[in-house]
Amino acid sequence: MAPKYAVVGSGLIGSAAARHLAEAGNDVTLIGVPEERSAELSTFASHHDEGRVTRIVDPDPVWSIAARRSIERYGDIEARSGINFHDRAGLVYSSARVELAAEIGAANGAQVVLRDAAWIAERYGIALAADTQAPVAVEAGAAGAINPRRMVAAQRALAAAGGAALVDDRVTAVDEHAGGVTVVTTSSARFEFDSVVLATGPYGAAAAGVDLLLERRLRTVALARPAQPESLVLPSLIADDVGREDIDGVYWTPPSVFADGNVWLKIGGDALDVQIASGGDDIGAWFAAGGSRSEADMLAEVLQASLPAVEFAEWAHKPCVVTYTAHGRPYVGQVSERLVVAVGGCGGAAKSADEWGRLASVAATGGAEDPEIGWDTTKPIFVGDGAYASVRDERY
């Protein structure tokens with residue numbers, strides 16, 4: 001009898017893993033709640049919005065490779081699902097490691113050039129806080145943004161078309177035993193599988209009793225509604241230096257239409273007053289509270305200083321959670337004989353989620369190690385591993 005697989009978690013990585021498993025001819029069930037957070041199911045996730053940065057330039061070659069592979073598949077996923085999610089708006093990337101990131105990106109096919117802050121200001125109206133003579137990477141081609149909500153919908157549609165069963169429910173327990181893995185949901189349904197992929201974001205592998213070394217940072221994003229959205233054309237942006245001591249870098253995604261029908265520009269960042277969640281209860285309380293108004297105000301100030309000529313008619317904010325790993329890359333790999341994890345996006349996994357999902361599907365089915373992204377580069381790290389006292393505080 002052919003093995004039965006489950007993917008727990010219907011976000012960006014989980015839906016991708018289910019698609020790859022289904023399209024390879026496997027018996028797979030995708031279990032998770034794909035819609036906006038639900039008070040009844042306590043489902044909280046950060047992909048329920050309209051913008052994520054996509055790029056190939058990166059100071060880490062593994063991230064760059066994963067992004068390039070995923071981006072190369074965007075067009076096929078859009079065409080076959082009929083759901084568009086990719087915006088080729090371009091990227092402005094300002095960082096102390098910009099030259100390394102541009103070099104690695106170019107080696108992986110990025111269309112990237114180096115400019116300076118004066119050129120950026122003239123071309124886009126963006127006032128960077130960094131040294132005006134420092135190089136700034138401008139990536140064209142496929143760089144820009146993706147709509148994570150629509151990308152999940154596209155992946156789920158193709159997974160279902162490939163034969164995957166979709167179960168829209170929340171998993172409460174994952175029990176590995178000699179004969180397989182039992183998965184229990186909030187509706188008291190019980191399923192039996194031979195192998196399970198846990199793609200459960202900030203919740204890690206807690207449902208299976210596996211304690212991974214993760215840091216869950218409770219963050220807030222600010223939303224700005226342009227007074228004249230039709231005239232505001234912007235690339236995505238990543239800027240590590242914003243000229244402030246209370247925030248360590250920001251990103252934004254171009255103005256786009258959100259679920260309320262309005263055009264919003266989203267900006268997020270790393271406020272140095274970091275709040276860390278210890279588990280699911282903290283995450284739920286954070287989302288229920290709506291995030292931090294003070295962090296949103298900081299981001300709004302940065303945005304307005306970066307776009308001095310732009311008038312914004314309205315401001316809003318929403319909570320999110322960013323999950324960091326010990327080695328600065330997602331944990332993708334086996335944690336036991338029948339369990340695979342694919343968690344820990346480190347704030348940058350959305351763009352390359354299709355590749356992380358593919359690698360998870362390979363790990364679940366016992367496939368060969370990838371020649372460019374070996375299992376050691378994404379190995380899951382457990383709490384108590386003496387080689388890692390904590391997560392690495394690095395930006396990718």
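Just so you know, these numbers use all the heavy atoms, side chains as well, and skip hydrogens, waters and symmetry mates. Here the structure is a predicted model, which means the values were calculated and not measured.
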Does Leu166 belong to the same Ile/Leu/Val/Met/Phe/Trp/Tyr cluster as Tyr5, with side-chain heavy atoms less than 4.5 Å apart forming each link? yes

Between Thr200 and Ala205 the two heavy atoms that sit nearest each other are OG1-N, 4.5 Å

State whether the side chain of Glu192 and the backbone N or O of Gly180 hold a donor-acceptor pair below 3.5 Å, judged by distance alone. no

Could you pull out the closest heavy-atom pair between Leu272 and Asp248, with the gap in Å? CD2-CB, 3.6 Å

To the closest 0.5 Å, what do you measure between CG (Asn147) and NE2 (His86)? 12.0 Å

Are the side chains of Ile77 and Gln155 in contact, using a 4.5 Å heavy-atom criterion? yes

Sidechain-backbone polar pair: Arg216 side chain, Pro202 backbone, donor-acceptor under 3.5 Å: yes

When Arg69, Arg73, Arg68 are each screened for salt bridge (charged side-chain N to carboxylate O under 4.0 Å, His left out) with Asp354, the one that passes is Arg73

With rounding to the nearest 0.5 Å, note down the distance linking CZ in Arg19 to CZ in Arg156. 14.5 Å

Hey, what do you get for CD (Glu245) to CD1 (Ile247), rounding to the nearest 0.5 Å? 13.0 Å

Report, as yes or no, whether the 6.0 Å neighbourhood of atom CD on Glu230 holds more than 12 heavy atoms from other residues, nucleotides or ligands. yes

Using atom types as modelled and distance alone, determine if a side-chain donor or acceptor of Ser70 lies under 3.5 Å from a backbone N or O of Ser352. yes

Ignoring hydrogens and angles, tell me if any N or O in the side chain of Ser81 forms a donor-acceptor pair with the backbone of Ala154 under 3.5 Å. no

Neighbour count above 12 (heavy atom, 6.0 Å) for Asp260 CG: yes

Is there a side-chain contact between Leu265 and Leu223 (heavy atoms, below 4.5 Å)? no

Tell me whether Lys379 is salt-bridged to Asp385, with the criterion being a basic N under 4.0 Å from an acidic carboxylate O. no

Interatomic spacing from OH in Tyr251 to NZ in Lys266 - rounded to 0.5 Å: 4.0 Å

Closest non-hydrogen contact found for Leu91 with Ala143 is CB-CB, 4.1 Å

Taking it one step at a time, do Leu299 and His317 satisfy side chain to side chain contact (heavy atoms under 4.5 Å, CB included)? CA-CA 10 Å; Leu299 292 168; His317 66 278; over 6 Å; no

Answer with yes or no whether the hydrophobic clustering places Phe191 together with Val340; edges join I, L, V, M, F, W, Y residues whose side-chain heavy atoms lie under 4.5 Å apart. no

More than 12 heavy atoms of other residues, nucleotides or ligands under 6.0 Å from CD of Glu78: yes or no? yes

Side-chain donor or acceptor of Ser236 paired with backbone N/O of Gly144 under 3.5 Å: yes

Cationic N near anionic O, under 4.0 Å, Arg358 to Glu355: yes

Without swapping roles, check the side chain of Trp252 against the backbone of Pro235 for a donor-acceptor pair under 3.5 Å. yes

Between OH on residue Tyr93 and CD1 on residue Ile120, distance to nearest 0.5 Å: 14.0 Å

May I ask you to check whether Glu176 and Ser336 show a side-chain donor-acceptor distance below 3.5 Å? yes

Shared hydrophobic cluster for Val263 and Leu237 (ILVMFWY, side-chain gaps under 4.5 Å): no

Do Asp240 and Ser95 have a side chain donor and acceptor closer than 3.5 Å? yes

Determine whether Val53 and Lys351 satisfy the following criterion, side chain to side chain contact (heavy atoms under 4.5 Å, CB included), listing intermediate values before the conclusion. CA-CA 7 Å; Val53 176; Lys351 64 185 180 297; 5.8 Å; no

Less than 4.0 Å between a side-chain N and a carboxylate O, is that true for Asp297 and Arg293? yes

Candidate pair Leu128 and Ile126, rule side chain to side chain contact (heavy atoms under 4.5 Å, CB included), full reasoning: CA-CA 6 Å; Leu128 295 173; Ile126 299 171; 4.0 Å; yes

Please check this pair: side chain of Arg338 against backbone of Asp194, looking for a donor-acceptor N/O pair closer than 3.5 Å. yes

Do Thr377 and Arg329 have side-chain N/O donor and acceptor atoms under 3.5 Å apart? no

So, do Val138 and Arg123 sit near enough that their side-chain heavy atoms are less than 4.5 Å apart? no

Just by modelled atom types, is the Leu307 backbone N or O under 3.5 Å from a matching donor or acceptor in the Gln304 side chain? yes

So, for Asp60 and Ile104, which heavy atoms are closest and what is the spacing to 0.1 Å? N-CD1, 4.2 Å

Mind checking whether Leu213 and Phe382 sit in one hydrophobic cluster, side chains of I, L, V, M, F, W, Y counted as touching below 4.5 Å? yes

So for atom CD, which belongs to Glu372, do other residues, nucleotides or ligands contribute more than 12 heavy atoms lying within a distance under 6.0 Å? yes

Mind checking the OG-CG spacing from Ser195 to Leu339? Nearest 0.5 Å is all I need. 7.0 Å

Non-hydrogen side-chain atoms of Arg219 and Asp270 separated by less than 4.5 Å: yes

Side chain to side chain, Asn108 and Asp58, heavy atoms closer than 4.5 Å: no

Beyond-backbone contact of Val181 with Val174, side-chain heavy atoms, under 4.5 angstrom: yes

So Tyr331 and His327, would you call those rings parallel, tilted or perpendicular, with 30° and 60° as cut-offs? perpendicular

Main-chain N/O of Phe258 paired with Asn262 side-chain donor or acceptor, under 3.5 Å: no

Do Val197 and Ile381 sit in one hydrophobic cluster, given that two such residues count as connected whenever their side-chain heavy atoms are within less than 4.5 Å of each other, even indirectly? no

Any side-chain heavy-atom pair of Phe312 and Trp264 under 4.5 Å: no

Are Thr325 and Pro330 close enough that some pair of their side-chain heavy atoms sits under 4.5 Å apart? no

Donor-acceptor check, side chain of Asn26 to backbone of Leu21, threshold 3.5 angstrom: yes or no? yes

Closest non-hydrogen contact found for Asp27 with Pro3 is CB-O, 3.8 Å

Residue pair Val57 / Ala110: nearest heavy atoms and the distance that separates them: CG1-CB, 4.2 Å

Gln228 atom CD, over 12 foreign heavy atoms within 6.0 Å: no

Check the pair Asp168 / Val33 against side chain to side chain contact (heavy atoms under 4.5 Å, CB included), numbers first and verdict last. CA-CA 5 Å; Asp168 295 349; Val33 182; 5.8 Å; no

